[in-house]
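Taking it in order: structure first as structure tokens, then the write-up.
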Amino acid sequence: MTDTQVLIIGAGPVGLTLAIDLGQRGIRCMVIERNGAPGRLPKMERCNARTMEIYRRLGIAEQIRDAGYPRDNPMDVFIVTSLAEPPLLHRPYPSVAVMQEQGRACNDGSRPLEPYQLISQYTLEPILKSAAERTPNVTVCFGCELTTFTQDGDFVSASIVDAEGSEDVIRARYLVGCDGGGSTVRKQLGIPLSGQANILRLRQALFRCDDLYERIPMGRGRHYHVVDEQETQIVVQDDCRHFTMHSVVAEDAEMPAKFQSAVGMPIEFETLYVGAWTQHLMLADSYGTGSVFLAGDSAHLVIPTGGLGMNTGVGDAMDLSWKLAGTLAGWGGPNLLASYQRERRQIGARNVAASRFAANGKRIWRATYKSNIRDDTPEGAQTRANLVRVAGVEQRKVNEQSGTELGYRYVDSPLIWPEPGESPDPDAMSYRPTSWPGARLPHVWLNDGSALHDRIGNGYTLLRLGGTSVDTSALEHSMRSLGAPLDVLDIQDEAPREVYGCDLMLLRPDLHVVWRGNHLTADPVRLAAVATGHRMPAEISPTAGQQQTKVVA
């Protein structure tokens, strides 16, 4: 029998990210993965801006950028009849290098600290695996499969079988299922998925073609949407030598010919993989039971349009990690882990809706397709003009969701101090920086050129801005008397005070705002108790939120 504090089932990006952060927080954890090695399928293709901010805090952002899509390459999106013909619609999007320059020149909180990065999952997973393996307190075991588990009091006992058939029992304080859409953990908990299943069945193929990227006449980009009746789309992978194509065809064998037709010019290529996949928009009815939690695709399934799948899962991992660490360290109250479902299930529902919004946008412009779209006739010209007009509006829903990525806010969380007044819209598609309690702290540069985010540690942080002289010793004492890690950070620079609009802010370890104000008008003892999960905010009912959320008033 092997013991660990947290047992993680699944070594995809979500499970490995969770392990890295737990290990850095001093928590012993073990990752179990049934496959013998990281996958070789592209799956996800993009770490969004918030995920890259997270990976910066974990110390691996630059390694991911070095391995991903080249920093100087444009992110343009095209709608085409084929790659060899002039595009019907060209949406230019800047490269990582340009976005970084733009971010350096902007200091109003509207830009992320890190722009998004294109990187194939088969490139990202080995990086995360290596990072996890070199992180103290983390054990990574590939070629091992969870068969069953039981909860007994405060512990979980999991039966694990390795590739040779040998069985071991791992006893952990907590178990987290990061094992994908067909999650064994979720099924054993008896938690159903609700929503829309089997929306559309497509095939995905992975091709290698070393010279195609440089030969595309219309120019380099990341997405090429081919106008046809089969939802065909070509996606450039991170090394610009591999390409995935999605299309609605009847048989695997049709995909190479479909790729050749979509490219529209003579090329040599190698077909590396073809397989079917199905679109779903679904959410788990609960994010866990007892000492067992769900994260990533085991808890939510989205359509890849908009890039919200893996990135939502990384958000799950980072929300759960510090709460597990705080509970295991002894300073976290009973509401700390209970808040995981309250906070992340609302984001799961929000992002399922955002994925539906993006997919519907693409579906709307594709519905304008007619078979005469290539015809050199007035009717063909009208078809093309109509498609471009509609796509010019609807395709932006796919590629421009900064509010979804950066503007999410935890509403009615038991760990957030409520603020009176009209709150910002947590579901806006565009991002407007806010320090409203529950929101992610907007990124701001300091006078010395460093980022405020980089000055913030892994525990709670009390930000004191604009040279305030307010006495905060009562709050500091209250937090530390509970054993919670707290840093006090005095920032004299004007920019943070202007962007955040207040003198004082209490931040959580995940950089979400607990409370803000110009004076310590909140009861410091209760504020500390709320922030650490020992008491509920007075304005929130203990019965609010989703099922199986146990809270203590």
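Quantities reported herein were computed from a predicted structural model and do not represent experimental measurements.
Checked by atom type and distance alone, the side chain of Glu167 never pairs as donor or acceptor with a backbone atom of Val161 at under 3.5 Å. In this structure, the side chain of Arg342 engages the main chain of Asp412 through a donor-acceptor pair within 3.5 Å. Proximity of a side-chain donor or acceptor of Ser339 to a complementary backbone N or O of Leu336 within less than 3.5 Å is detected. With hydrogens and angles ignored, the 3.5 Å screen pairs no side-chain donor or acceptor of Ser120 with any backbone N or O of Tyr122. Side-chain atoms of Ser355 come within 3.5 Å of backbone N or O of Ile303 as a donor-acceptor pair. Checking side-chain atoms of Glu33 against main-chain N and O of Ala11 turns up a donor-acceptor pair under 3.5 Å. Judged by distance alone, the side chain of Thr4 and the main-chain N or O of Arg28 form a donor-acceptor pair under 3.5 Å. Here the side chain of Asp425 pairs a donor or acceptor atom with the backbone of Asp427 at under 3.5 angstrom. Panel note: side chain Asp297, backbone Leu301; no donor-acceptor pair is recorded below 3.5 Å. In terms of modelled atom types and a separation under 3.5 Å, the side chain of Tyr340 and the main chain of Leu294 share a donor-acceptor contact.
Between the side chains of Arg65 and Gln117, a donor-acceptor pair is found at a separation under 3.5 Å. Side chains of Thr461 and Asp487: a donor-acceptor N/O pair is absent below 3.5 angstrom, by distance only. A donor-acceptor pair shorter than 3.5 Å can be found between the side chains of Gln233 and Lys362. In the model, Arg50 has a side-chain atom that pairs as donor or acceptor with a side-chain atom of Tyr408 under 3.5 Å. Of the N and O atoms on the side chains of Ser183 and Asp179, at least one donor lies less than 3.5 Å from an acceptor on the other residue. Counted by atom type alone, Gln237 and Thr244 present one or more donor-acceptor pairs between their side chains at under 3.5 Å. No side-chain donor from either of Ser247 and Glu231 sits under 3.5 Å from a side-chain acceptor of the other. A donor-acceptor contact under 3.5 angstrom links the side chains of His223 and Glu45, judged on distance only. No hydrogens or angles considered: a donor-acceptor pair under 3.5 Å links the side chains of Asp316 and His300.
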- Message: Show, in sequence, the C-alpha distance, side-chain angles and deciding distance for Met429 and Thr404, and conclude whether the side chain to side chain contact (heavy atoms under 4.5 Å, CB included) test is met.
- Response: CA-CA 6 Å; Met429 289 295 116; Thr404 305; 3.6 Å; yes
- Item | Full working for ring pair (Phe, Tyr, Trp, His ring centres under 6.0 Å) between Tyr500 and Trp436 | CA-CA 9 Å; Tyr500 304 148; Trp436 191 275; over 10 Å; no
- Message: Apply side chain to side chain contact (heavy atoms under 4.5 Å, CB included) to residues Leu283 and Ser194 and explain how you reach the verdict.
- Response: CA-CA 5 Å; Leu283 185 66; Ser194 298; 5.9 Å; no
- Task: With side chain to side chain contact (heavy atoms under 4.5 Å, CB included) as the test, would you mind laying out the steps for Phe293 and Arg344 before giving the verdict?
- Result: CA-CA 11 Å; Phe293 299 91; Arg344 290 308 299 177; over 6 Å; no
- Does the pair Ile456 and Arg57 meet the rule for a side chain to side chain contact (heavy atoms under 4.5 Å, CB included), with working shown? CA-CA 9 Å; Ile456 297 172; Arg57 289 181 68 75; 4.3 Å; yes
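Salt bridge annotation for Arg203-Asp252: present, with a cationic side-chain nitrogen under 4.0 angstrom from a carboxylate oxygen. In summary, Lys129 and Glu125 do not engage in a salt bridge, as defined by a charged side-chain N under 4.0 Å from a carboxylate O. A salt bridge links Asp454 to Arg56: one of the charged nitrogens lies within less than 4.0 Å of a carboxylate oxygen. Between Arg508 and Glu343 there is a salt bridge, since at least one side-chain N of the basic residue sits less than 4.0 Å from a carboxylate O of the acidic one. Ion pairing of Glu405 with Arg46 is present here, as a side-chain N (NZ or NE/NH1/NH2) and a carboxylate O approach within less than 4.0 Å.
Not counting sequence neighbours, Asn137 has no partner by the side chain to side chain donor-acceptor pair (under 3.5 Å) test. Under the rule for a side chain to side chain donor-acceptor pair (under 3.5 Å), the partners of Asp21 that lie at least two apart in sequence or sit in another chain are Arg25, Ser321. When the side-chain contact (heavy atoms from CB on, under 4.5 Å) test is applied to Thr278, the partners found at least two apart in sequence or on another chain are Asn198, Arg201, His280. Partners of Ser435 according to the side chain to side chain donor-acceptor pair (under 3.5 Å) rule, which considers only residues two or more places apart in sequence or in another chain, are Arg516. Partners of Ala439 by side-chain contact (heavy atoms from CB on, under 4.5 Å), not counting sequence neighbours, listed by chain and number: Arg409, Thr434. In terms of the side chain to side chain donor-acceptor pair (under 3.5 Å) criterion, residue partners of Tyr55 (sequence neighbours excluded) are, by chain and number, Thr17.
In plain terms, the two heavy atoms of Ser291 and Gln151 that are nearest each other are N-OE1, 2.8 Å. Among all heavy-atom pairs drawn from Met318 and Asp510, the shortest one is O-CB, 4.5 Å. Summarising the geometry of Leu18 relative to Ala317, their closest heavy-atom pair is CD1-O, 3.5 Å, with the distance given to 0.1 Å. Between Met52 and Pro115, the closest heavy-atom pair is CG-O, 3.6 Å. Here the shortest heavy-atom pairing between Tyr460 and Thr532 reads OH-CA, 3.6 Å. The heavy-atom pair separating Trp417 from Pro437 by the smallest distance is O-CB, 3.5 Å.
Inter-residue side-chain proximity for Val138 and Leu22 is flagged as unmet; no heavy-atom pair is nearer than 4.5 Å. In this structure, the side chains of Tyr69 and Ile119 stay at 4.5 Å or more apart for every pair of heavy atoms. Residues Asp319 and Tyr410 form a side-chain contact, since some pair of their non-hydrogen atoms from C-beta on lies under 4.5 Å apart. Counting only heavy atoms from C-beta outward, the side chains of Met245 and Val235 never approach each other to under 4.5 Å. Counting only heavy atoms from C-beta outward, the side chains of Ile170 and Ser157 never approach each other to under 4.5 Å. His453 has its side chain within reach of Leu511: a pair of non-hydrogen atoms, C-beta onward, lies under 4.5 Å apart. Side-chain contact between Leu128 and Ile60 is present, with heavy atoms from C-beta onward closer than 4.5 Å. The closest side-chain heavy-atom distance from Leu415 to Val514 is not below 4.5 Å.
Both cation-pi conditions hold for Lys397 and Phe357: the charged atom is under 6.0 angstrom from the six-membered ring centre and inside a 45 degree cone around its axis.
Taking OG1 from Thr123 and CG from Asp66, the interatomic distance works out to 12.5 Å, rounded to the nearest 0.5 Å. Remark: Ser402 OG to Tyr116 OH distance equals 11.5 Å, nearest 0.5 Å. With rounding to the nearest 0.5 Å, the separation of CG in Leu504 from CG in Leu462 is 6.5 Å. Gln121 contributes atom CD, which lies 11.5 Å from atom CG of Asp238 (distance to the nearest 0.5 angstrom).
Atom CZ of Arg432 sits in a sparse spot, with 12 or fewer heavy atoms from other residues, nucleotides or ligands closer than 6.0 Å.
Relative orientation of the His246 and Trp277 rings is perpendicular, given thresholds of 30° and 60° on the angle between their planes.
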